[in-house]
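This report refers to the structure that appears directly beneath it.
Just so you know, ligand 1 is whichever comes first in the structure, and atom 1 is the first atom listed for that ligand.
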Amino acid sequence: MTTGTTTVSTTGTTASSPSTSQPNLSQTTGNSAAILGLGIYRPRRIVPNSEVIEEIDSSDEWIQQRSGIKTRRFAGPDETVQFMSTAAARQALGNAGVEATQVDGIIVATISHLLQTPAIAPAIAAELGADKPVAFDISAACAGFCHGVALANDMIRAGSARHILVIGVERLSDITSRSDRGTAFIFADGAGAALVGPSQTPGIGPVVWGSDGERFDLIRQIEDWRDVVADEAPTMPHLTMQGAEVFRWASFEMAKVAQEAVDAAGIATADLDVFVPHQANNRITDTLARAMKLPEHVRIARDIVDQGNTSAASIPLALARMIEEGEAKSGDLALMIAFGAGLSYAAQVVRVP
Ligand code: COA
């Protein structure tokens, strides 16, 4: 489904007490939005393949060849979801030149804030010193950051907020089994934030997003909390993944979605400067780039090599690295595409802040 300009019909009827005044329900302001600043947090501890293979009968060579990962980051006890989020958010605000008090929306994409309720977003808002912004979490797994950017774009264009922090944050090391051969070497921790705000020219293209609930079980928490507590010796539930099926789906279905996002932005693939796919696996990235026939000049994000797969945090972390290393510069056109559990996906073309 492609979302373009959002309009809301203003026609309606009232059941009783007809009023002479007309309701004004129009939500179209004509505002444009863009990513104004990015920020990230990488946990301190670097974990090499030699450490994760201890429990999974694997090798550094196998992991590098199958995923591209050499090292990943695992958060320490003090590097909580809230801590990493506020660190990334402060950097995004600083880079955008926007004060926390100007933020009127915070959207946090995560699957590893392990308190069922409340959401972590209001606590992050309070720590940042924001002034009672709308603040909520979304659960779209690895696709969450691109969902958040799309929601922020639509909210700003509709006039329901002006400056929105979109945060992707994960501590997947808390919910990954160290002895699961299919996931132990993949998942990692970190945070990224984008400050989305008003812009004279549109900096965020139409989103192409959706889900495939027929494949709900391909990546999931192994059991629900009621089953966990019913166990005689409860253990932390972990993520499980049917890797080969996920690989096929991501490589082929997501190439079509990526192309749709480029088309929806009204550009050609050759107009792109940067390709920032979810850092799931370098082989998926290669297959997507081939399927899209990306020209040589399009630089491709490879943050996964030193960072692992950080789910909702992976795209801002990857884009920030490209900016740091001079592979992406302000004004460049970047295609972002994220996909994962659900299965859920979202893609859009953005201007690099
Ligand atoms: N280390 C060493 N060998 C392993 C292994 C590991 N961690 N995991 C599996 N193997 C072995 C299997 O035993 C099997 O050996 P065999 O051929 O002798 O029987 C072989 O590798 C293939 O097993 P399979 O489970 O089919 O692995 P795969 O080729 O599908 O590779 C992944 C596993 C996880 C690397 C791959 O499926 C993948 O990259 N999937 C996408 C995952 C992903 O990106 N997810 C993120 C989405 S958000």
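Of all protein heavy atoms, the one closest to atom 34 (C) of ligand 1 is Gly182 O, 3.9 Å. The nearest protein atom to atom 1 (N) of ligand 1, hydrogens excluded, is given as Ser58 OG, 2.6 Å; this is a heavy-atom distance. Looking from atom 26 (O) of ligand 1 to the surrounding protein, the closest heavy atom is Ala244 CB, 4.7 Å. In this structure, the protein non-hydrogen atom closest to atom 5 (C) of ligand 1 is Trp62 CH2, 3.2 Å. When only non-hydrogen protein atoms are considered, atom 12 (C) of ligand 1 lies nearest to Arg181 NH1, 4.0 Å. Counting protein heavy atoms only, atom 41 (C) of ligand 1 is closest to Gly243 O, 3.5 Å.
Between Arg226 and Asp231 there is no salt bridge, since none of the side-chain N atoms of the basic residue sits less than 4.0 Å from a carboxylate O of the acidic one. At a threshold of 4.0 Å, the pair Arg44-Glu79 counts as salt-bridged, since one of the basic side-chain nitrogens sits closer than that to a carboxylate oxygen.
Inside a 4.0 Å radius of atom 48 (S) of ligand 1 there is at least one protein heavy atom. There is no protein heavy atom closer than 4.0 angstrom to atom 24 (P) of ligand 1. Put simply, atom 32 (C) of ligand 1 has no protein non-hydrogen atoms near it, under 4.0 Å away. For atom 14 (C) of ligand 1, no protein non-hydrogen atom is found at a distance below 4.0 Å. Note that atom 19 (O) of ligand 1 has no protein non-hydrogen atoms nearby, at separations under 4.0 angstrom. Distances from atom 7 (N) of ligand 1 to the protein include at least one heavy-atom value under 4.0 Å.
Below 4.0 Å from some heavy atom of Phe339 lie the following atoms of ligand 1, by number and element: 48 (S). For ligand 1, the atoms lying closer than 4.0 Å to a non-hydrogen atom of Ala280 are 44 (O), 46 (C), 47 (C). Applying the 4.0 Å criterion to heavy atoms of Arg66 picks out, from ligand 1, the atoms 28 (P), 29 (O), 31 (O), 35 (C). Set against the non-hydrogen atoms of Val246, the atoms of ligand 1 under 4.0 Å away are 47 (C).
One option in Met241, His278, Arg283 has a heavy atom closer to atom 45 (N) of ligand 1 than any other, and that option is Met241. Relative to atom 39 (O) of ligand 1, the option among Asn281, Leu239, Ile186 with the closest non-hydrogen atom is Asn281.
Annotation: salt bridge (Lys or Arg N to Asp or Glu O under 4.0 Å) contacts involving residues 168-179, sequence neighbours excluded, comprise Arg171-Asp174. Among residue pairs with one or both ends in residues 292-319, those qualifying as salt bridge (Lys or Arg N to Asp or Glu O under 4.0 Å) are Arg42-Asp303, Asp286-Arg302, Arg299-Asp332, Asp303-Arg321, Asp306-Arg321; sequence neighbours excluded.
One distance of note links CZ of Arg90 with CG of Leu195; it measures 14.0 Å at 0.5 Å rounding. Residue Leu165 holds its CG atom at 6.5 Å from CG of Leu128, rounded to the nearest 0.5 Å. Within the model, atoms CZ of Phe185 and CD1 of Ile69 stand 6.5 Å from one another, a figure rounded to the nearest 0.5 Å. Rounding to the nearest 0.5 Å gives a distance of 15.0 Å between CD1 of Ile120 and CZ of Phe136.
The aromatic rings of His147 and Trp209 are tilted relative to each other, their planes meeting at an angle between 30° and 60°.
When atom types are taken as modelled, the side chain of Ser199 and the backbone of Gly203 share no donor-acceptor pair closer than 3.5 angstrom. In terms of modelled atom types and a separation under 3.5 Å, the side chain of Arg215 and the main chain of Leu343 share no donor-acceptor contact. Under the 3.5 Å distance criterion, the side-chain polar atoms of Gln91 are matched with a main-chain donor or acceptor of Ile40. Side chain of Gln279 to backbone of Ile315: no donor-acceptor contact under 3.5 angstrom is found.
Contact annotation: Cys142 has at least one heavy atom less than 4.0 Å from an atom of ligand 1.
If you look at Phe185 next to ligand 1, the close heavy atoms, those under 4.0 Å, all belong to the side chain. Contact annotation for Ile284 and ligand 1: only side-chain heavy atoms (C-beta onward) come within less than 4.0 Å of the ligand. Residue contacts with ligand 1, taken as heavy atom pairs separated by less than 4.0 Å, involve Asn309 solely via side-chain atoms from C-beta onward.
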